[in-house]
Amino acid sequence: MDKWVLIDGNSIIYRAFFAMPPLTNSAGLHTNAVYGFTTMLLKLLEEEKPTHMLVAFDAGKVTFRHEGYEAYKGGREKTPSELSEQFPVLKELLQAFSIPQYELPGYEADDIIGTLSRMADEQGVETVVVSGDKDMLQLASDHVTIALTRKGVSEVERYDPAEINEKYGLTPLQIIDLKGLMGDTSDNIPGIPGVGEKTALKLLHEYGSVEGVLANTAALKGKMKEKVETHQDSAVMSKRLATIFREVPLEKGAAELTYGGYDAHALADMFRKLEFKSLLERLELPEAGGAAAGGPAAAPTYEVATAASLGRSELTQLLASSESVYIETIGDNPHQARLVGLAVASGERVAVLTYDDLMDPALSAPVRGWLEDGQAPKRGYDLHKAELALGWLGISLRGIAFDALLAAYLLDPTESSQTLAALVQRHGLAPIQTDDAVYGKGARLQVPEGAVLANHLAAKADAVRRLLPLLSEALEQGNMTKLNDELELPLAVVLAGMEKQGIQVNPAVLEDLGAELEKGISQYMSDIYTHAGMEFNIGSPKQLGEVLFEKLGLPVIKKTKTGYSTDAEVLEKLEPYSEIVKMILHYRQLTKLQSTYVEGLLKEIRRDTGKVHTYYRQTIAATGRLSSQFPNLQNIPIRLEEGRRIRKAFVPSEPGWSILAADYSQIELRVLAHISGDEKMKEAFIEDADIHTKTAMDVFGVTADNVDANMRRQAKAVNFGIVYGISDFGLSNNLGITRKDAARFIEQYFAVFQGVRAYMDNIVAQARQDGYVTTLLERRRYLPEIKASNFNLRSFAERTAMNTPIQGTAADIIKLAMVKMDAEIRNRGLRSRMLLQVHDELVFEVPPEELELMKTLVPEVMESAIALDVPLRADVSYGDNWYEAK
DNA sequence: TAAGCATTT
DNA sequence: AGCTGAAATGCTTAC
């Protein structure tokens, strides 16, 4: 059976260019678009196994569409040179792939593809059209599916006529009418001004086509009628422009599209020239061939020795000269993880010890001694987790000197996979097996024994060893060596200490609260059933939606992808319509407390310690914040009194001690004042004024006495919005005012805080130029989508550019404070313990004789963690439990 | 496993 | 015309 794959070359290379971060080879040639294109091709070849292929390109500037409409594709920004220089490279690459390419003067790529897909239709050949352009949907048929690129380039979404109907309620041919009505700014196709996708769809569902709409203008009303009538001609012309021409006089027939696979050597040469190292490894070269400069990474060679096979003195020697260690645990929660074994690499030799070996004193004595020796440096992967797993077995891990996971996180905190196998691939090293492949997952998880396990652990220790110089060099290149060595690495050790310590939880408090909640929940449940006139599962958004919007007929405010939205925002708007709404909100509140905080927390209390031991993850949040799991102690309720009572269960672990909490006051706005240098905002903090009141005074132009609660509330919302990368839409939503008023409000704000405006403009420009933003301590976040043509993607990246330096610098600062506070406690020989971090707050347990000291020491350390142009302020409080420390 | 909802800073 | 405030985790339901 034949299978054709037709690729819209121009569309895909554009998509690839904007989707990929900037990339050049050492000759300075930009390669990102070609790279993206290549990954897409490889994936397509593998998935589709085409018998025929073609990449079509636009030829020249003028096409038949310009006849009669010269402005077609006018007003486009010139193709950036970084992209245009990649066109010839792409064509060369396609040759190396042996994929036919074609262009024809006077026609665009989509006309060529349209013509071929018509031929495919006539011959009944299964065909896939690959493009980033929605217009192509008009070509879909029983035989032809359209694969549109999504996010990035290598991911595509496939459409056949049924799926187009499902998504738009249109036939493929009606896609042309859709564009005729709504136009397309990128091609300068006007459509009917004021008619967007929503309106166009409505009209088409009603009248079927552009002609149908025009024949029925009489049935339209008001503004819409006016618009349609005045722009009739435009709609007709737009439809003509949007129609793909399917009768191009091609000089190529199907026979010339035959695809017989590529010559791996030719392709490898091309990849070497472009320096696509990871792709080079994916190529299966028939024989290794010239391992010339830049050739594929050779399989590493190392010797694997077991503890038993090595003599004690040999093992001791290997440890002394060790370059890397890999400590394997299985399980997500490191406090309960199973230690599988470890491997230590020195040069080409790797020693492996399984769990059983480690538990055998005769075999493991040298290794235990080495692990606990603070003078013996450990360079490994996720040593924070290893330290915890070992800790629960009574083995301490000291001398942590480098962590590949932490380094990888700093190099790109948004990377979705930071597994060792992924890192190895990312850095162009010979691949190692994934954990899933070796251990299986879920129900099929099974740790192998003997040589299979030993080889896997050895491969990982060797992989870490090979990664180390690459990661160190990359950190150096990114100015992050200091951040790594002096902040993140020491912090990992501090965190492990806090986690091992844990925080005491009084189960009786939770159980009492749980019993009380139970009563409330059953009461609300029966009231809700009565009101609804039926019993149903209130916890099911689907069933709840049916009851509220179908049975009770409440107005639908918002829809989700799958049905009616019933979130709190929606329910609050529905309150006036039925008493049931308030009950549901209460019910939700109580069940949340019950399941997540009462039952959830009780389950996490360890029998042996009576404590919960959270796990702070240092490599998750894109901004540099920590995250907390098992349980998450960074979202314990505080806003509402009912929930806040959960905090009464968090108590000191020793009688007579206190819980002491200190939190930074307005740290993010202080950071903003510093990095923007805004004089007005700096002044407010230097005077230690109430920032929201001060903002209200300046924005509304009134004196302090005349700032009422509402003005302050609005100012507060704007301050929050500023930190998050404000938009008038977001603010209007938040304050319940019109978008216009919100926009005016923001305008006034920026008129006062001109330095803030300048910062926001500059940081976005900088992100666009560099491709990334940084925090005060040089933490980095890449924002490739800042150049996206998709408005939503781009806007999101812009807000991220504004927010990340602020949120990330605040994260840097509290991390600094934690490392310093830990040192203070140790150096002063204090018994007080640091237990928790909640983004801008640190929580300690403190013996009575240290209370007075800690009340001043903690805020002092926090406030002096770093010197900014504005003072930092930390407020401290304490009590018999976390609730009282307010 | 994903979606929807709720919780925090 | 777009339809959007930043960063997280956990529970329940539905597929």
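Note that this is a predicted model, so its numbers are computed, not measured. Residue numbers start from 1 in every chain, and the chains themselves are labelled A, B, ... in the order their sequence lines are given, proteins ahead of strands.
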Inset, instruction - Could you identify which residues of residues 802-816 of chain A place a heavy atom less than 4.0 Å from some atom of DNA chain C, listed by residue number, or say none? - result: A/N803, A/Q807
Inset, instruction - Answer yes or no: does a side-chain N or O of A/N790 lie under 4.0 Å from OP1 or OP2 of C/dG2? - result: no
Legend entry - Base-contact (B) and sugar-phosphate-only (S) positions in nucleotides 8-15 of chain C, heavy-atom cut-off under 4.0 Å, - elsewhere: SBBSSSSS
Inset, instruction - Just do the side-chain contact (heavy atoms from CB on, under 4.5 Å) check on A/V570 and A/D567 with the steps written out, would you? - result: CA-CA 5 Å; A/V570 168; A/D567 65 21; 3.3 Å; yes
Inset, instruction - Determine the interatomic distance between P on B/dA6 and the same-named atom on C/dG5; round to the nearest Å. - result: 16 Å
Inset, instruction - Return the set of residues passing side-chain hydrogen bond (donor to acceptor under 3.5 Å, both in side chains) with A/H586 (not counting sequence neighbours), or none when no residue passes. - result: A/Y524
Legend entry - A/E516: partners by salt bridge (charged side-chain N to carboxylate O under 4.0 Å, His left out), with sequence neighbours left out: A/R645
Legend entry - d(CG, A/N719; C1', C/dG5) in whole Å: 14 Å
Legend entry - A/S665: side chain to side chain contact (heavy atoms under 4.5 Å, CB included) partners, not counting sequence neighbours: A/R670, A/R873, A/D875
Legend entry - Touch class at under 4.0 angstrom, heavy-atom based, for A/T591 against every strand present: nothing
Legend entry - DNA chain C contacts among residues 660-673 of chain A, heavy-atom distance under 4.0 Å: none
Legend entry - Bounds of contact between DNA chain B and chain A, in 5' to 3' order, using a heavy-atom cut-off under 4.0 Å: B/dA3 to B/dT9
Inset, instruction - State, without any angle test, whether A/Y616 and A/Q634 hold a side-chain donor-acceptor pair at a distance under 3.5 Å. - result: no
Inset, instruction - Tell me what A/A742 touches on the nucleic acid: a base, only sugar-phosphate, or nothing, going by heavy atoms under 4.0 Å. - result: nothing
Inset, instruction - Would you give the length of the straight line joining atom CD1 of A/I620 to atom OG of A/S628, rounded to the nearest 0.5 angstrom? - result: 12.0 Å
Legend entry - Distance (rounded to the nearest 0.5 Å) between A/Q336 CD and A/N333 CG: 4.5 Å
Inset, instruction - Return the 5'-most residue of the pair A/D728, A/T800 with respect to DNA chain C, ranking by each residue's nearest nucleotide. - result: A/D728
Inset, instruction - May I have the distance from A/Q634 (atom CD) to C/dA7 (atom C1'), rounded to whole angstrom? - result: 10 Å
Legend entry - A/V843: partners by side chain to side chain contact (heavy atoms under 4.5 Å, CB included), with sequence neighbours left out: A/I659, A/A661, A/L836, A/E841, A/W882
Inset, instruction - Take the angle between the ring planes of A/H384 and A/Y615 and call it parallel below 30°, perpendicular above 60°, tilted in between. - result: perpendicular
Inset, instruction - Using a strict cut-off of less than 4.0 Å between a Lys/Arg side-chain nitrogen and an Asp/Glu carboxylate oxygen, indicate whether A/K592 and A/E642 qualify as a salt bridge. - result: no
Legend entry - Test salt bridge (charged side-chain N to carboxylate O under 4.0 Å, His left out) applied to A/E668 - qualifying residues, sequence neighbours left out: A/R625
Legend entry - 5' precedence on DNA chain C between A/R781 and A/S727 (nearest-nucleotide basis): A/S727
Legend entry - Rounded distance in Å between the P positions of C/dT4 and B/dG4: 14 Å
Inset, instruction - Name all residues meeting the salt bridge (charged side-chain N to carboxylate O under 4.0 Å, His left out) criterion together with A/E572; count only those two or more places apart in sequence or in a different chain, and write none if there are none. - result: none
Inset, instruction - With heavy atoms under 4.0 Å as the rule, sort A/V723 into base, sugar-phosphate or nothing. - result: nothing
Legend entry - Pi stacking test for A/Y724 and C/dA6: under 5.5 Å apart, planes under 30°: yes
Legend entry - Spacing of A/N792 atom CG relative to C/dA6 atom P, expressed in whole Å: 11 Å
Inset, instruction - Would you mind reading off the distance between A/L178 atom CG and C/dA1 atom P, rounded to a whole angstrom? - result: 14 Å
Mind listing the side-chain donor-acceptor pairs of residues 733-740 of chain A below 3.5 Å, one per line with the distance, residues two or more places apart or on another chain?
| unit_1 | atom_1 | unit_2 | atom_2 | d |
| --- | --- | --- | --- | --- |
| A/T738 | OG1 | A/D741 | N | 3.1 |
| A/T738 | OG1 | A/D741 | OD2 | 3.3 |

Inset, instruction - Identify whether any heavy atom of A/F796 sits under 4.0 Å from a base atom; if not, whether one sits that close to sugar-phosphate; answer base, sugar-phosphate or nothing. - result: sugar-phosphate
Legend entry - side-chain hydrogen bond (donor to acceptor under 3.5 Å, both in side chains) partners of A/R644, counting only residues at least two apart: none
